[in-house]
K.L.:
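If you scroll down you'll find the structure; I have some questions about it.
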Amino acid sequence: MRGFSLIETLVAVVILVSAIVGPLTLAQRSIRSAVYARDQVTASFLAEEAIEYIRMMRDGNELRRRSNWLFGLSGDCLEQLCQIDTREDRDDAVSQCSRREGPLYESNCFPLAFEKVTGKYGYGTGVGWENTQFVREVRIDTIPNGDRTSDDEAKVEVKVLWKTGDLPLRTVTVPLTPLPCFFAN
C-alpha cells in the first residue's frame, strides 16, 4: 500500500485553506461595507432631519405671523455652530455647541445618543440612551443685503460627522442655500 507523501499533504492543505479563506474574506468585507453603508444612510437622514426641523421652524413662524422667521433659531444658532434635538419642545431644541472636554472629531458639538425603545436620536442621557459615533453640526448664516445683514435669507448647512470602525472620518453635508422667509416686507 502506498500512502500520501508529505508534499502531497501540504498541497492539499494549502488548497483547502485557500478555498475556505477566500469566501470568508469576501464575507468579512461585505459585512464591513454593509455597516459603512448603514452608517452613511443614517448620517444622511440625521442631516436631513435637522434641515426639516429648520423648515418647520420657519413655517411655524410664518403661521404665527412673527416678524423674524429665524425666531427660535437665531439666539443660539445664528453665525455659530449649534445642535438641534428634534425630539425636544421648540424652546429647548436648539442649543449652541459648547463642548470643551475632549471633543469628538474636533467638533464642539456633543455626539448624538440613540434611544433603543423609541428608535430616535437625540441628546438624551440616562437609562435607555447610548452614545453613538454621530456628531451633528448646524450652522445658520444670514445673507448680507447691501451693506447690512438681512434676516430675509439665510444659508443653512448641516454636517454630520462619523467614523465606522477603523475607516477614516467621514462627513455628510446638507446645504440649503438660501432658505428664504415667506414674509412680505
Side-chain angles (χ1 to χ4, degrees), residues 29 31-62 68-115 118-125 129-145 149-182:
R29 287 184 182 171
I31 290 170
R32 184 175 174 177
S33 294
V35 168
Y36 172 72
R38 179 203 63 199
D39 288 350
Q40 187 173 21
V41 167
T42 301
S44 297
F45 283 145
L46 289 171
E48 199 59 45
E49 178 186 47
I51 291 288
E52 291 300 322
Y53 184 85
I54 292 168
R55 283 184 177 147
M56 184 217 37
M57 293 284 287
R58 175 197 63 189
D59 295 348
N61 287 333
E62 166 68 13
N68 184 353
W69 72 274
L70 290 169
F71 182 82
L73 297 169
S74 57
D76 291 320
C77 218
L78 202 57
E79 313 293 336
Q80 55 197 350
L81 283 180
C82 68
Q83 53 196 26
I84 295 177
D85 192 346
T86 58
R87 306 169 309 104
E88 295 294 329
D89 195 10
R90 281 177 67 99
D91 297 332
D92 299 326
V94 180
S95 62
Q96 185 179 354
C97 293
S98 60
R99 185 177 178 156
R100 300 283 184 246
E101 72 287 337
L104 188 61
Y105 314 135
E106 302 300 321
S107 175
N108 286 334
C109 296
F110 285 96
L112 286 161
F114 181 72
E115 186 179 31
T118 62
K120 294 183 179 182
Y121 287 84
Y123 296 99
T125 57
W129 287 94
E130 84 180 30
N131 284 335
T132 67
Q133 74 270 27
F134 299 104
V135 173
R136 180 168 56 196
E137 300 175 345
V138 179
R139 185 169 178 94
I140 301 175
D141 296 319
T142 56
I143 295 175
N145 182 8
T149 300
S150 169
D151 288 339
D152 293 340
E153 290 183 293
K155 175 184 174 190
V156 179
E157 184 176 89
V158 178
K159 185 188 299 186
V160 176
L161 303 95
W162 84 98
K163 193 170 179 183
T164 301
D166 59 350
L167 294 173
L169 179 66
R170 302 290 185 188
T171 62
V172 168
T173 303
V174 177
L176 188 60
T177 310
L179 185 64
C181 73
F182 293 133

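These numbers come from a predicted model, not from an experiment.
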K.L.:
Indicate the atoms forming the closest heavy-atom contact of Pro111 with Thr132, along with that distance.
P.N.:
CB-O, 3.7 Å
K.L.:
Calculate, to the nearest 0.5 Å, the distance between atoms CG and CH2 belonging to Leu169 and Trp162 respectively.
P.N.:
8.5 Å
K.L.:
Please tell me if the side chains of Arg170 and Thr164 come closer than 4.5 Å, counting only heavy atoms from C-beta onward.
P.N.:
no
K.L.:
Once rounded to the nearest 0.5 Å, what's the spacing between atom CG of Asp39 and atom OG of Ser44?
P.N.:
10.5 Å
K.L.:
Do any N or O atoms from the side chain of Asp85 and from the backbone of Tyr123 form a donor-acceptor pair under 3.5 angstrom?
P.N.:
yes
K.L.:
Please report the interatomic distance OH(Tyr121) to CG(Leu112), rounded to the nearest 0.5 Å.
P.N.:
8.5 Å
K.L.:
Looking at CZ of Arg136 and SG of Cys82, how far apart are the two atoms once the value is rounded to the nearest 0.5 Å?
P.N.:
10.0 Å
K.L.:
With a 4.5 Å limit on heavy-atom distance, are the side chains of Glu52 and Thr86 in contact?
P.N.:
no
K.L.:
Ignoring hydrogens, what is the shortest heavy-atom contact between Arg139 and Leu81? Give both atom names and the distance.
P.N.:
NH1-N, 3.9 Å
K.L.:
Distance from Met57 atom CE to Ile84 atom CD1, nearest 0.5 Å?
P.N.:
8.0 Å
K.L.:
Restricting to non-hydrogen atoms, name the atom on Asn131 and the atom on Ala113 that form the minimum distance, rounded to 0.1 Å.
P.N.:
OD1-CB, 3.9 Å
K.L.:
Tell me if a side-chain donor or acceptor on Gln83 pairs with a main-chain N or O of Phe110 at a distance below 3.5 Å.
P.N.:
yes
K.L.:
Kindly compute the distance separating NZ (Lys155) from CD1 (Ile140), expressed to the nearest 0.5 Å.
P.N.:
12.5 Å
K.L.:
Would Arg87 and Glu115 pass as an ion pair if we require N to O under 4.0 Å?
P.N.:
no
K.L.:
Run Val35 and Arg32 through side-chain contact (heavy atoms from CB on, under 4.5 Å) and show every step you take.
P.N.:
CA-CA 5 Å; Val35 168; Arg32 184 175 174 177; 5.9 Å; no
K.L.:
What pair of heavy atoms forms the shortest contact from Tyr53 to Ala93, and how long is it?
P.N.:
OH-CB, 3.1 Å
K.L.:
With the side chain counted from C-beta on, respond yes when Ile54 and Val138 share a heavy-atom pair under 4.5 Å apart, and no when they do not.
P.N.:
yes
K.L.:
For Gly122 and Trp129, work out which heavy atoms get closest and say how close.
P.N.:
N-CZ3, 3.8 Å
K.L.:
Are side-chain heavy atoms of Gln133 and Lys163 found at a separation under 4.5 Å?
P.N.:
no
